[in-house]
Amino acid sequence: MTVPIPPGAWLGLLGGGQLGRMFSMAAQSLGYKVAVIDPGDHSPAGSVADHHIRTDYLDPTGLAELAALAAAVTTEFENVPAAALEYLARTARVMPSAASVAIAQDRIEEKAFLSRCGVAVAPYAVLRDDADARSADPALLPGIVKSARLGYDGKGQVRVHAAADVAAAFRSMGGRACVLERRLALASELSVIVARNEHGETATWPVAENRHRDGILDVSIVPARVPEALAAAAQATATGIAAKLDYRGVLCVEMFVTAGDALLVNEIAPRPHNSGHYTIDACVTSQFEQQARVLAGLPLGDTRAHVPAVMVNLLGDIWFAGADAVSPREPDWARVLRHPQAKLHLYGKKEPRRGRKMGHVTCLAPTPEAALATARQIKRDLGIPGADGP
Ligand SMILES: Nc1ncnc2c1ncn2[C@@H]1O[C@H](COP(=O)(O)OP(=O)(O)O)[C@@H](O)[C@H]1O
Ligand SMILES: [Mg+2]
């Protein structure tokens, strides 16, 4: 049995983005000190952590410094080099394990793993060379060619319609391994975040219903507007995947719902997830606090929601007054803050860019419909497209 790490001790973090920032804040609330490795001069997590090690993730001095300081280390992004996790695991408790991260880093490994779990995935084929791309099964069209590694927020994906498009799309990825996935008619998208500790105890949060725009999460609605049995099945699927991975930490499972309430798993993220940001304001224990609890060997916190919530992502686009604007200006946050149950979170990123996640707003209300109404108003007021969507 692991001895809990007492407050006052250092927890280590690989990655300086917004997920790391919110983890740092939660860990600091519990009394821990946080040391983060991130190569950037200025990073969302680096600017709130107690110590920022500004080196590459594989830099021996940076890793040695973190190893000397922290009894336990976690990560906030799946593309952290496995070698860094393995090095740190020699002296520190590392969650998630390099093995779990490796599966989520590669769509081919991930889909093979999910199939071994007995979980349904979208029909797909692996493309490793031009010949694979030229002979792709027409039953997978229209489809999406997704690079096996390093894709996020819809990057590293090309939509294909005809057989000839597949080879072109494959070449446009530089000939790196890809999957071709059939494009499905989605009734909805769901995600489940699950925490699992080293005793195999698990906790899931309420299921989120996710709306994407241009491949990037736009809105999460909680609880998801799906039948209870489907929500329960989604939670059971996520818990099952965490158990199969012998996972330690916080894991997100993204799912597709197709006609007739069929549930398919899209992908897994070995970390807290954008669709779980609502847990900060709406739940007894947030996904970030839970990440710190599991890492420190503390008991799992209650994951119940106090209140329905709708989270709206704030992308850099709204810093630009129109499609042609070249210089950014600060959005009018009064338009958010005038709603007393809208909770604004900004990540402290210096440079707003179109498509870049700059912050989010969580709208709380007694019903999901009322939270959605506030979210739509805020989207309209900030100039976020799709305010009148479902
Ligand atoms: N096979 C598919 N059919 C329909 N929509 C898809 C499919 N694959 C991806 N999408 C859409 O694109 C979004 C991003 O794709 P995803 O595979 O999750 O990549 P990322 O790693 O960028 O999140 C999904 O959430 C979904 O909205
Ligand atoms: Mg995704």
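Read the numbers this way: they start at 1 and go in the same order the structure lists the ligands and their atoms.
- Lys111 forms a cation-pi arrangement with Tyr124, by the criterion of a distance under 6.0 Å to the ring centre and an angle within 45° of the ring axis.
- Applying the 4.0 Å criterion to heavy atoms of Arg107 picks out, from ligand 1, the atoms 17 (O), 19 (O), 20 (P), 21 (O).
- The proximity of Leu186 to ligand 1, defined as any non-hydrogen pair under 4.0 Å, is limited to the side chain.
- One finds an angle of 100° at the Mg ion (ligand 2) between OE1 on Glu254 and OE2 on Glu267, to the nearest 10 degrees.
- A parallel orientation is assigned to the rings of His345 and His360, their planes being inclined by less than 30° (bins at 30° and 60°).
- With ligand atoms numbered from 1 in the order given, ligand 1 contributes 2 (C), 6 (C), 7 (C), 8 (N), 9 (C) to contacts under 4.0 Å with heavy atoms of Ile144.
- By the neighbour-count criterion of 12 heavy atoms within 6.0 Å, atom CZ of Arg176 is sparsely surrounded, having that number or fewer from other residues, nucleotides or ligands.
- Using a 4.0 Å cut-off to heavy atoms of Leu184, the atoms of ligand 1 that qualify are 2 (C), 3 (N), 4 (C).
- Within 4.0 Å of atom 11 (C) of ligand 1, not a single protein heavy atom is present.
- Tyr57 has its ring centre no less than 6.0 Å from the ring centre of Tyr87.
- Near Glu254, with a cut-off below 4.0 Å to any heavy atom, the atoms of ligand 1 are 18 (O).
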Pairs under 3.5 angstrom only: tabulate donor-acceptor contacts from the side chains of residues 292-320 to other protein residues two or more places apart or in another chain.
unit_1: Arg293; atom_1: NE; unit_2: Glu289; atom_2: OE2; d: 2.8
unit_1: Arg293; atom_1: NH1; unit_2: Pro299; atom_2: O; d: 2.7
unit_1: Arg293; atom_1: NH2; unit_2: Glu289; atom_2: OE2; d: 3.1
unit_1: Asp302; atom_1: OD1; unit_2: Arg304; atom_2: N; d: 2.9
unit_1: Asp302; atom_1: OD1; unit_2: Arg304; atom_2: NE; d: 3.3
unit_1: Asp302; atom_1: OD2; unit_2: Arg304; atom_2: NE; d: 3.1
unit_1: Asp302; atom_1: OD2; unit_2: Arg304; atom_2: NH2; d: 2.5
unit_1: Thr303; atom_1: OG1; unit_2: Thr204; atom_2: O; d: 2.9
unit_1: Asn313; atom_1: OD1; unit_2: Asn274; atom_2: ND2; d: 3.1
unit_1: Asn313; atom_1: ND2; unit_2: Leu217; atom_2: O; d: 2.8
unit_1: Asn313; atom_1: ND2; unit_2: Asn274; atom_2: OD1; d: 2.7
unit_1: Asp317; atom_1: OD1; unit_2: Gly355; atom_2: N; d: 2.7
unit_1: Trp319; atom_1: NE1; unit_2: Glu330; atom_2: OE1; d: 3.4

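- Atoms of ligand 1 found under 4.0 Å from any heavy atom of Arg182 (numbered from 1 in listed order, with element): 1 (N), 2 (C), 3 (N).
- Taking each of Glu189, Glu181, His212, Arg213 in turn, the one with a heavy atom nearest to atom 26 (C) of ligand 1 proves to be Glu189.
- Using a 4.5 Å cut-off on side-chain heavy atoms (C-beta onward), Arg356 and Glu351 make contact.
- Distance from atom 8 (N) of ligand 1 to its nearest protein heavy atom, with residue and atom name: Lys146 NZ, 2.9 Å.
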I'd like a table of donor-acceptor pairs (distance under 3.5 Å, sequence neighbours excluded) in which one partner is a side-chain atom from residues 254-262, with atom names and distances.
unit_1: Glu254; atom_1: OE1; unit_2: Asn266; atom_2: ND2; d: 3.2
unit_1: Glu254; atom_1: OE2; unit_2: His273; atom_2: NE2; d: 2.9

